[in-house]
A.B. asks: 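This is the structure I have questions about; it appears just below.
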Amino acid sequence: MKKIVLAYSGGLDTSVCVKWLKDRGYEVIAYIGDVGQGEDFEKIEKRALVTGAKKVYIGDLKQEFINDFVIPTLQANAAYEGKYLLATALSRPIIAKHLVETAHREKASAIAHGCTGKGNDQVRFEVTAHILDPKLEIVAPVRVWEFKSREEEIDYANENNIPLTVTKKKVYSIDKNLWGISIECGVLENPWAEPPNDAYQMTVAPEDAPAKPLYIEIDFEKGVPSKINGKKYSLIDLIKKLNEIAGKYGVGRVDMVENRLVGIKSREIYEAPAATCLYKAHEDLESLVLDRELLHFKQTLSAKYAELAYYGLWYSDLKKALDAFIKETQKKVTGTVRLKLYKGSCVVVGRKSPYSLYKEELATYTEKDKFDQKLAEGFIRLWGMPYRKK
Ligand code: ARG
């Protein structure tokens with residue numbers, strides 16, 4: 001019997017995948033990757049077994065997800081199309097990596113996922129798996145199976161005694177992890193319609209946020225966030241804590257139309273309270289400690305880094321090379337940033353660092369001024385020389 005490792009979430013699609021693959025002669029190993037989606041994994045494991053999986057793995061990927069995927073992306077200040085902080089995009093290559101490892105451990109010849117043929121996630125799973133082990137066969141049941149609608153799929157699940165917690169009327173498609181949440185479908189498919197409040201899962205509406213602003217301080221050490229208000233946290237706890245704090249202030253909502261890799265535009269809702277605070281703080285600290293040329297050059301790489309993550313090219317050589325560069329730039333990104341959270345906004349209002357390049361005696365307009373203004377005349381003359389008419 002051919003063995004296959006399926007990325008299993010416990011939802012309708014991947015549950016039907018188990019049965020569908022079994023009917024086609026596969027022995028199915030379900031792999032559940034815990035990237036902080038906060039599900040009841042025991043229940044999901046049971047569901048996989050009842051549905052026909054031979055074996056279930058639950059991988060706690062949270063620490064690796066944060067260390068190896070989230071932090072490098074934060075350090076790159078990478079946001080797809082300037083807005084999407086990539087929570088879903090980053091979770092796919094790590095799950096794919098573990099599917100491949102599980103396939104090796106189980107001596108399976110194939111892996112499978114429950115992504116549709118219209119999205120980015122299929123690309124991320126498959127390109128990653130192919131880079132890591134080109135010999136593994138990849139099966140994508142949802143792309144080929146015969147169901148024409150969600151209703152048909154649910155009927156099939158019921159006929160086959162697949163336990164489900166879904167109803168025929170599903171409002172949104174939601175993908176969640178520690179770094180954020182992606183919400184699609186339903187009324188959101190109309191890009192003119194304002195997202196109803198029930199679409200949001202981690203943030204309160206800005207208008208319902210507290211009437212007074214909240215100030216918080218975030219410390220970084222070499223580009224890695226380490227403290228909130230002077231208190232040390234592990235990375236996972238720091239992100240959880242910030243999600244909670246900033247979520248209460250309505251921070252981190254994004255409503256955008258984005259360009260998918262497969263050529264369609266889609267309307268997406270994202271929530272990433274912690275990520276939003278950390279991006280703002282990290283970028284600001286860099287502006288204090290990186291010299292102009294390094295900062296400007298680094299800024300040109302952010303969009304490229306985001307594209308590589310979004311496009312499923314996490315394990316490409318270009319991404320590896322960019323990582324080496326970015327790591328080098330983080331050596332002095334140590335210091336504290338003060339943020340003001342208020343009704344959906346997160347603004348940097350203060351920053352300090354032992355590596356600060358800011359010199360008050362040069363910037364000031366008071367009597368403390370040490371800037372020799374006479375030097376400016378010669379500088380401007382030389383700088384503007386190529387453009388002088390006479
Ligand atoms: N558009 C986003 C992305 O490509 C979110 C995808 C959400 N995925 C999902 N399975 N609901 O990363």
Side-chain angles (χ1 to χ4, degrees), residues 6-17 31-39 44 61 65 69-70 73-74 76 78-96 99 112-129 140-143 150 153 166 170-191 195 198-203 252-272 275-276 279 303 305-315 319:
L6 166 70
Y8 186 70
S9 71
L12 173 66
D13 286 339
T14 55
S15 296
V16 171
C17 280
Y31 181 86
I32 306 166
D34 175 4
V35 282
Q37 60 270 54
E39 300 266 6
I44 296 179
L61 310 182
F65 179 54
F69 294 79
V70 165
T73 306
L74 168 67
Y80 184 64
E81 297 185 342
K83 289 184 176 170
Y84 169 35
L85 303 187
L86 298 162
T88 297
L90 296 178
S91 70
R92 296 318 190 240
I94 184 174
I95 295 171
L99 289 178
H113 60 74
C115 307
T116 81
K118 290 172 70 170
N120 298 310
D121 290 330
Q122 53 173 348
V123 183
R124 297 168 184 150
F125 274 126
E126 296 187 29
V127 173
T128 303
V142 179
R143 277 205 302 251
R150 191 175 159 80
E153 213 183 319
V166 297
K170 186 172 104 166
V171 195
Y172 306 112
S173 158
I174 292 176
D175 181 73
K176 186 176 179 196
N177 63 51
L178 264 179
W179 198 229
I181 188 163
S182 309
I183 307 146
E184 302 169 326
C185 299
V187 60
L188 305 175
E189 286 177 358
N190 173 359
D198 74 348
Y200 292 101
Q201 321 283 319
M202 308 172 75
T203 55
R253 290 185 170 188
V254 171
D255 175 347
M256 69 189 283
V257 172
E258 87 191 16
N259 288 289
R260 281 194 196 162
L261 192 46
V262 293
I264 22 186
K265 287 192 187 290
S266 65
R267 200 284 185 86
E268 304 279 337
I269 301 299
Y270 298 113
E271 292 173 284
T276 300
Y279 265 67
Y305 198 99
E307 275 175 15
L308 294 174
Y310 189 89
Y311 295 168
L313 299 176
W314 188 260
Y315 289 102
K319 156 71 177 39

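When a residue number appears, it is its place in the shown sequence, counting from 1. Just so it is clear, the values below take in all heavy atoms, side chains as well, and ignore hydrogens, waters and symmetry mates. Both ligands and their constituent atoms are indexed starting at 1 by order of listing.
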A.B. asks: Pairs under 3.5 Å, N/O atoms on ligand 1 and on the protein: can you put them in a table with the distances?
C.D. replies:
unit_1   : atom_1 : unit_2 : atom_2 : d
ligand 1 : 1 (N)  : Glu258 : OE2    : 2.7
ligand 1 : 1 (N)  : Glu268 : OE1    : 3.2
ligand 1 : 1 (N)  : Glu268 : OE2    : 3.2
ligand 1 : 1 (N)  : Tyr270 : OH     : 3.1
ligand 1 : 4 (O)  : Asn120 : ND2    : 2.6
ligand 1 : 4 (O)  : Arg124 : NH1    : 3.2
ligand 1 : 4 (O)  : Arg124 : NH2    : 2.9
ligand 1 : 8 (N)  : Asp121 : OD2    : 3.0
ligand 1 : 10 (N) : Asp121 : OD2    : 3.1
ligand 1 : 11 (N) : Ser173 : OG     : 3.2
ligand 1 : 12 (O) : Tyr84  : OH     : 2.6
ligand 1 : 12 (O) : Arg124 : NH1    : 2.8
ligand 1 : 12 (O) : Arg124 : NH2    : 3.1

A.B. asks: Do the rings of Tyr270 and Tyr84 sit parallel, tilted or perpendicular, given the 30° and 60° boundaries?
C.D. replies: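 Parallel.
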A.B. asks: Keeping Glu271 on the side-chain end and Gln201 on the backbone end, is there a donor-acceptor pair under 3.5 Å?
C.D. replies: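 Present.
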A.B. asks: Using the test salt bridge (charged side-chain N to carboxylate O under 4.0 Å, His left out), find all partners of Glu307 that sit at least two apart in sequence or belong to another chain.
C.D. replies: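 Glu307 satisfies salt bridge (charged side-chain N to carboxylate O under 4.0 Å, His left out) with Lys304 once adjacent residues are dropped.
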A.B. asks: Please list every donor-acceptor pair under 3.5 Å in which a side-chain atom of residues 113-120 meets a protein atom from a residue at least two apart or in another chain.
C.D. replies:
unit_1 : atom_1 : unit_2 : atom_2 : d
His113 : ND1    : Cys115 : N      : 3.1
His113 : NE2    : Glu126 : OE2    : 2.7
Thr116 : OG1    : Lys118 : N      : 3.0
Asn120 : OD1    : Leu261 : N      : 2.9
Asn120 : ND2    : Tyr310 : OH     : 2.7

A.B. asks: Is there a side-chain contact between Leu99 and Phe125 (heavy atoms, below 4.5 Å)?
C.D. replies: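 Counting from C-beta outward, Leu99 and Phe125 do come under 4.5 Å.
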A.B. asks: Show the atom names and distances, to 0.1 Å, of all donor-acceptor pairs under 3.5 Å that link a side chain in residues 182-191 to residues at least two apart or in another chain.
C.D. replies:
unit_1 : atom_1 : unit_2 : atom_2 : d
Ser182 : OG     : Thr88  : OG1    : 2.6
Glu184 : OE2    : Arg260 : NH2    : 3.4
Asn190 : OD1    : Trp192 : N      : 2.9

